[in-house]
Novice: 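So that we are looking at the same thing, I have put the structure below in structure tokens.
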Amino acid sequence: MAFAADTFNTLWTMRGLLPENRVLDFVSVFGNDPFSRRQIELLVGTRIGIVQSPALPGLKPGISTITLNGYERNFDYWRSQSAARRLASYFDLFAARLEDRDLIYFSAIILAILTFDYQKVLLDAL
């Protein structure tokens, strides 16, 4: 098992390329399950901050698996209980974490998992 996704992979690459004193943060909402705790430990341990992103009881990260069938890859997703779906519920916290940033990168996947109202909240914050 490993952690990966476009946002994580982008931060991981930037962390390797940028000077150590450059601040990088993963702004999200986390669960409080063992997977989420491991995810947070990995981020913080590699000098990628989480800037007071909340960890909510009963929620988990979005999980996907990749199964190989020869050279073909098959994907399965479990996103319905994803903590990231609650991101826009914390608009003030989220908007404050985006202030004074030189670069903001977010995934189109977040737009796909948010309701229309929450998409608007996210875009307004940006």
Side-chain angles (χ1 to χ4, degrees):
M1 185 186 79
F3 292 99
D6 55 348
T7 51
F8 177 83
N9 296 349
T10 299
L11 277 170
W12 182 270
T13 300
M14 290 177 72
R15 179 73 291 152
L17 295 173
L18 293 173
E20 211 172 294
N21 64 341
R22 185 66 136 158
V23 175
L24 294 174
D25 291 309
F26 188 85
V27 178
S28 190
V29 175
F30 296 95
N32 70 341
D33 65 302
F35 290 114
S36 297
R37 286 193 295 273
R38 286 177 59 191
Q39 182 183 30
I40 292 168
E41 288 171 9
L42 176 64
L43 289 165
V44 173
T46 56
R47 299 180 333 276
I48 298 172
I50 60 167
V51 291
Q52 301 173 338
S53 296
L56 302 178
L59 298 178
K60 299 179 180 188
I63 297 175
S64 63
T65 61
I66 303 171
T67 307
L68 296 177
N69 183 7
Y71 293 105
E72 292 294 321
R73 298 183 304 163
N74 297 309
F75 296 85
D76 289 297
Y77 302 98
W78 293 272
R79 293 183 179 146
S80 62
Q81 296 301 315
S82 168
R85 286 180 173 267
R86 307 319 189 270
L87 186 61
S89 300
Y90 294 86
F91 177 77
D92 292 339
L93 175 97
F94 179 69
R97 300 304 175 258
L98 299 182
E99 290 179 4
D100 299 321
R101 299 290 177 158
D102 294 329
L103 174 68
I104 298 170
Y105 173 85
F106 68 95
S107 170
I109 293 170
I110 194 69
L111 293 176
I113 67 171
L114 293 176
T115 65
F116 178 76
D117 290 340
Y118 280 170
Q119 289 173 1
K120 184 171 176 3
V121 168
L122 173 65
L123 295 174
D124 286 347
L126 292 170

Novice: Does atom CZ (Phe116) have a neighbourhood of more than 12 heavy atoms from anything else shown, all under 6.0 Å?
Specialist: no
Novice: If you count heavy atoms of other groups shown closer than 6.0 angstrom to CZ of Phe35, is the number above 12?
Specialist: no
Novice: Output yes when a side-chain donor or acceptor of Arg73 lies under 3.5 Å from a complementary backbone atom of Thr67, and no otherwise.
Specialist: no
Novice: Is there side-chain contact between Ile104 and Leu126, with at least one heavy-atom pair below 4.5 Å?
Specialist: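 Sidechains of Leu126 and Ile104: in contact.
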Novice: Could you tell me whether the side chain of Arg15 reaches within less than 4.5 Å of the side chain of Arg22, counting heavy atoms only?
Specialist: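 A side-chain contact exists here, since the closest heavy-atom pair is under 4.5 Å.
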Novice: Is Arg38 paired with Asp33 through a side-chain N to carboxylate O contact shorter than 4.0 Å?
Specialist: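 Arg38 and Asp33: not salt-bridged.
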Novice: Can you confirm whether Met14 sits close enough to Ile48 that some side-chain heavy atom of one is under 4.5 Å from a side-chain heavy atom of the other?
Specialist: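 Answer no - side chains too far apart.
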Novice: When you compare the side chain of Arg37 with that of Phe30, does any pair of heavy atoms fall below 4.5 Å?
Specialist: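 Not touching, per the 4.5 Å side-chain cut-off.
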Novice: Do Leu18 and Val44 land in one hydrophobic cluster if side-chain heavy atoms of ILVMFWY residues count as linked below 4.5 Å?
Specialist: yes
Novice: Within the 4.5 Å heavy-atom criterion, are Tyr105 and Thr7 side-chain neighbours or not?
Specialist: yes
Novice: Donor-acceptor check, side chain of Asn32 to backbone of Gly58, threshold 3.5 angstrom: yes or no?
Specialist: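 Confirmed, Asn32 side chain pairs with Gly58 backbone.
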Novice: In the structure I gave you, are the side-chain heavy atoms of Leu11 and Phe8 within less than 4.5 Å of one another anywhere?
Specialist: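 With C-beta onward as the side chain, the pair stays apart.
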Novice: For Asp76, does the CG atom have more than 12 heavy-atom neighbours from other residues, nucleotides or ligands under 6.0 Å away?
Specialist: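 For Asp76, atom CG is crowded (more than 12 foreign heavy atoms under 6.0 Å).
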Novice: Does CZ belonging to Arg47 count more than 12 external heavy atoms closer than 6.0 Å?
Specialist: yes
Novice: Can any side-chain N or O of Ser64 pair as donor or acceptor with the backbone N or O of Tyr77 at less than 3.5 Å?
Specialist: no
Novice: Should Ile63 and Leu42 be counted in the same cluster of Ile, Leu, Val, Met, Phe, Trp and Tyr side chains packed under 4.5 Å apart?
Specialist: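 Result: yes, single cluster for both.
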Novice: Within the 4.5 Å heavy-atom criterion, are Asp25 and Ile50 side-chain neighbours or not?
Specialist: no
Novice: Could you tell me if the side chain of Phe26 sits less than 4.5 Å from the side chain of Val51, heavy atoms only?
Specialist: no
